[in-house]
Amino acid sequence: MKLSVVMPVYNEQSTLQEVITRVLAVPLDIELICVDDASTDNSREILAHLQVAQPQIRVLLQPKNTGKGAALRRGIQDATGDFIIIQDADLEYDPAEYQLLLRPLLEGKADVVYGSRFLGSGPHRVLYFWHSVGNWILTLISNMLTNMNMSDMETCYKVFRREILQSIPIEEDRFGFEPEITVKIAKRRLRVYEVGISYWGRTYEEGKKIGWKDGFRALWCLLKYNLKESKQAIATNRLNQ
């Protein structure tokens, strides 16, 4: 079993080497695809150095900064593993939990697994109240639109069967990837599981990038792709009749 880890990178020089070390320490056959989104710090130099020393690392360079979704789209297209997991380049999520996330997939029960920061007994850093409220509201609206009962739609840790994820067109360039992919897997009636994970959140001073504007974009994406996917489903049903 081969696992493709797709990691978008943008100005993460302070954490990049450590997170890559943690990913490659996981006792699995790992393909690490790092997509640098035109970093302006030393992230590209760090990646170039690590790629020489570690053959599991593949580095893709975006010609200009186009966002997390665009970086993920490129990395996903190049993945060759049996499964694909999304990994941020900070230290908020622990790669040691990959095997826990993979279990429903390896047992043949799931097509997609979300790592929930709100389930389980792992440690969670206490941070921003209004972020948690915003996440709860977005997850609630997502569940209402998709008829799923998720606890953490906005989580980074999402694991997919490779052929399934590569068959889903990703349109969002920035932080709209999370709501877009959630709506699209729901509309395809895939088998989705959640697994509780730990969470080591960081502050804005420590490099956190997502803000309130991204929350409004996520809400727009939920509504947009729910309507778009519903229309496509109706059109497909008419063609099949």
Side-chain angles (χ1 to χ4, degrees), residues 6-12 14-15 19 37 65-73 85-94 97 101 112-160 168 170-187 190 192-230:
V6 178
M7 181 188 297
V9 177
Y10 180 65
N11 290 352
E12 297 288 1
S14 63
T15 59
V19 72
D37 195 27
N65 179 256
T66 47
K68 179 179 179 179
L72 287 175
R73 181 165 58 241
I85 187 168
I86 309 302
Q87 172 72 55
D88 282 348
D90 51 38
L91 297 173
E92 293 191 335
Y93 295 83
D94 187 359
E97 295 177 323
L101 291 160
V112 182
V113 175
Y114 277 42
S116 173
R117 295 166 289 179
F118 305 111
L119 297 177
S121 57
H124 295 75
R125 183 178 179 182
V126 175
L127 278 176
Y128 302 114
F129 170 73
W130 290 112
H131 271 226
S132 64
V133 171
N135 187 84
W136 179 81
I137 291 172
L138 288 172
T139 299
L140 175 64
I141 295 172
S142 173
N143 287 341
M144 292 170 63
L145 294 173
T146 62
N147 196 28
M148 295 197 295
N149 62 339
M150 284 186 175
S151 65
D152 192 6
M153 180 270 292
E154 287 280 357
T155 181
C156 161
Y157 269 177
K158 296 176 172 67
V159 196
F160 307 81
I168 299 174
I170 298 169
E171 302 170 48
E172 289 297 307
D173 284 341
R174 297 195 178 274
F175 288 109
F177 169 79
E178 321 294 354
E180 177 189 358
I181 200 66
T182 300
V183 170
K184 289 183 175 181
I185 64 173
K187 295 301 182 181
L190 299 173
V192 182
Y193 273 62
E194 278 190 313
V195 172
I197 59 170
S198 59
Y199 181 61
W200 311 86
R202 60 180 178 172
T203 65
Y204 284 105
E205 292 75 18
E206 293 167 334
K208 193 174 189 70
K209 298 181 178 70
I210 195 166
W212 63 269
K213 290 182 180 179
D214 300 301
F216 282 107
R217 179 65 189 181
L219 176 58
W220 165 247
C221 289
L222 285 171
L223 300 172
K224 171 185 175 181
Y225 290 106
N226 182 68
L227 180 61
K228 186 174 182 178
E229 292 290 312
S230 296

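Excluded from the calculations below are hydrogen atoms, water molecules and symmetry mates; all remaining heavy atoms, backbone and side chain alike, are included. Residue numbers count from 1 along this sequence.
A salt bridge is defined here as a Lys NZ or Arg NE, NH1 or NH2 lying under 4.0 Å from an Asp or Glu carboxylate O, and K228 with E171 meets this definition.
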Pair up each side-chain donor or acceptor in residues 218-226 with any protein partner under 3.5 Å, not counting sequence neighbours, and list the distances.
from: Y225; atom 1: OH; to: E172; atom 2: OE2; distance (Å): 2.7
from: N226; atom 1: OD1; to: K187; atom 2: NZ; distance (Å): 3.0

Under the side-chain contact (heavy atoms from CB on, under 4.5 Å) criterion, do I170 and L72 qualify, and how do the steps go? CA-CA 9 Å; I170 298 169; L72 287 175; 5.6 Å; no

side-chain contact (heavy atoms from CB on, under 4.5 Å) between I168 and F160: does it pass, once the steps are laid out? CA-CA 11 Å; I168 299 174; F160 307 81; 5.7 Å; no

Go through T182 and E154 one step at a time and tell me if the side-chain contact (heavy atoms from CB on, under 4.5 Å) criterion holds. CA-CA 9 Å; T182 300; E154 287 280 357; over 6 Å; no

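When the salt bridge (charged side-chain N to carboxylate O under 4.0 Å, His left out) test is applied to R174, no partner is found at least two apart in sequence or on another chain. Looking at residues two or more places apart in sequence or on another chain, you find a side-chain contact (heavy atoms from CB on, under 4.5 Å) between L227 and K231. With sequence neighbours left out, Y93 forms a ring pair (Phe, Tyr, Trp, His ring centres under 6.0 Å) with Y157, Y199. D94 meets the salt bridge (charged side-chain N to carboxylate O under 4.0 Å, His left out) test with no other residue; sequence neighbours excluded. Residues meeting the side-chain contact (heavy atoms from CB on, under 4.5 Å) test with A186, sequence neighbours left out: T146, M148. The salt bridge (charged side-chain N to carboxylate O under 4.0 Å, His left out) search around K68 returns D88, E178, not counting sequence neighbours.
In this structure, the side chain of T139 engages the main chain of M153 through a donor-acceptor pair within 3.5 Å. In this structure a side-chain-to-backbone donor-acceptor pair under 3.5 Å is present from D37 to T66. Under a 3.5 Å cut-off, the side chain of T15 and the backbone N or O of A89 do form a donor-acceptor pair. Formation of a donor-acceptor pair under 3.5 Å by the R217 side chain with backbone atoms of G176 is not found in this model.
In terms of heavy atoms, M7 sits closest to V19 at CE-CG1, 4.0 Å. In plain terms, the two heavy atoms of I86 and F177 that are nearest each other are CG1-CE2, 4.4 Å. Between T155 and R117, the shortest heavy-atom contact is N-NH2, 3.7 Å.
Of the inter-residue distances, the one linking Y193 atom OH with L101 atom CG reads 14.5 Å to the nearest 0.5 angstrom. Interatomic distance, CD1 of I181 versus OH of Y114, reported as 6.5 Å (0.5 Å rounding). Atoms CG and CG, from L140 and N135 in turn, are 11.0 Å apart once rounded to the nearest 0.5 Å. In this structure, the separation between CG on L190 and NZ on K184 is 13.0 Å, given to the nearest 0.5 Å. To the nearest 0.5 Å, atoms NZ (K158) and CD (Q87) are separated by 12.5 Å.
Using a 4.5 Å cut-off on side-chain heavy atoms (C-beta onward), F118 and D152 make contact. Using a 4.5 Å cut-off on side-chain heavy atoms (C-beta onward), M150 and V192 make contact. Looking only at side-chain heavy atoms (C-beta outward), E194 and S151 come within less than 4.5 Å of each other.
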